[in-house]
Amino acid sequence: MLELFRLESTALKSYPFSWAEIANLYSAKDAAALAETFPHDHFKTVSGYGGEKNYDYEARALVEMGTQTIAFAEALSDVWLKLARDLGSAPYREAMSRLTGIDLRSVPMEVNVFHYGPGASLGAHPDLPDKLVTHILYFNESWNRDDGGCLQILSSNDPTAVVAEIEPLVGNSAVLVRSANSWHAVSQVVGNCNASRRSLTATFYCPGSVSSMWPQGETPALHGYPRA
Ligand SMILES: O=C(O)CCC(=O)C(=O)O
Ligand SMILES: [Fe+2]
């Protein structure tokens, strides 16, 4: 499913920090099926203001932290099951290690899926210090830049210091190596947007870290995501 050679044939950019945009992660047929059957089950609403960042979106677990366990596998389409298996696999970790120059073969990782509905955004942030690398994959069949919802690579904590913008189109992805200056944001989705902005993050953590998305002991209320 995942065309790992795309990761192997990309070099990281060094400005304004270590990052890369990588397109064409799947065949056209798989890309269409992934976009068509993007998960709508078992989401929690995540929002908060202040602290590291402002944020507002819907999140679903796909591969649980530090395991290869696929969350709510029974609700996934065949292509989504395949993608979840690939993201939990050793060859994916090896390709990500080669791309970033960081040994990610045995560190804890988790995969989560997101809908950003009308008005949703993610303020400028460098990612928490216990993260090593985040790979963000996108799943919209089409996208209008005027609707917001783009990943913005920033040269500082100033949200207007935009160096590059990545559209959330299926097959497209971005790799961010966490550092003190790895500033990035998601521009606000406009209020009248008629499709959600769809993404997934595969996050590799420092050894010994726990999930900040799904704190242990918390039993979040999960719901279906009803919108298109
Ligand atoms: O969805 C994106 O493009 C960025 C997500 C992100 O920065 C994060 O989850 O920390
Ligand atoms: Fe981030």
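None of these values were measured; they are calculated from a predicted model. Along the sequence shown, residues are numbered consecutively beginning with 1. Both backbone and side-chain heavy atoms feed into the values below; hydrogens, waters and symmetry mates do not. As the structure lists them, so they are numbered: ligands from 1, and atoms in each ligand from 1.
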Checklist entry - Between W19 and K13, is there a donor-acceptor pair closer than 3.5 Å when you use the side chain of the first and the backbone of the second? => result no
Next on the checklist: Would T201 count as a polar contact of ligand 1, with the cut-off being nitrogen or oxygen pairs under 3.5 Å?
Outcome noted: no
Checklist entry - For ligand 1, which atoms have a heavy atom of I136 less than 4.0 angstrom away? => result 1 (O), 2 (C), 3 (O), 4 (C)
Checklist entry - Using a heavy-atom cut-off of under 4.0 Å, does the side chain or the backbone of R197 touch ligand 1, or both, or neither? => result side chain
Item to check | ligand 1 to K131 polar contact by distance, N or O atoms, under 3.5 Å | outcome: no
Checklist entry - Among side-chain atoms of H135 and S173, is any donor-acceptor pair under 3.5 angstrom? => result yes
Next on the checklist: Surrounding CG of D78 (heavy atoms of other residues, nucleotides or ligands, distance under 6.0 Å), is the total greater than 12?
Outcome noted: no
Checklist outcome for this item: Within 4.0 Å of some non-hydrogen atom of Y138, the atoms of ligand 1 are 2 (C), 3 (O)
Checklist entry - Between E218 and K44, is the closest basic N to carboxylate O distance under 4.0 Å? => result yes
Item to check | H184 NE2 and H125 NE2 subtending at the Fe ion (ligand 2) (10° steps) | outcome: 90°
Checklist outcome for this item: V186 heavy atoms within 4.0 Å reach ligand 1 at atoms 1 (O), 2 (C), 3 (O), 4 (C)
Item to check | Residues E165, R145: salt bridge by 4.0 Å N-O rule | outcome: yes
Checklist entry - When you check the gap from the basic side-chain N to the acidic O, do E94 and R105 get nearer than 4.0 Å? => result no
Checklist entry - Near L122, which atoms of ligand 1 are under 4.0 Å from a heavy atom of that residue? => result 5 (C), 6 (C), 7 (O), 8 (C)
Checklist entry - Relative to the ring of F38, is the ring of H40 parallel (under 30°), tilted (30 to 60°) or perpendicular (over 60°)? => result perpendicular
Checklist outcome for this item: Among N, O or S atoms, D127 approaches the Fe ion (ligand 2) most closely through OD1
Next on the checklist: Show me which atoms of ligand 1 lie under 4.0 Å from any heavy atom of D127.
Outcome noted: 10 (O)
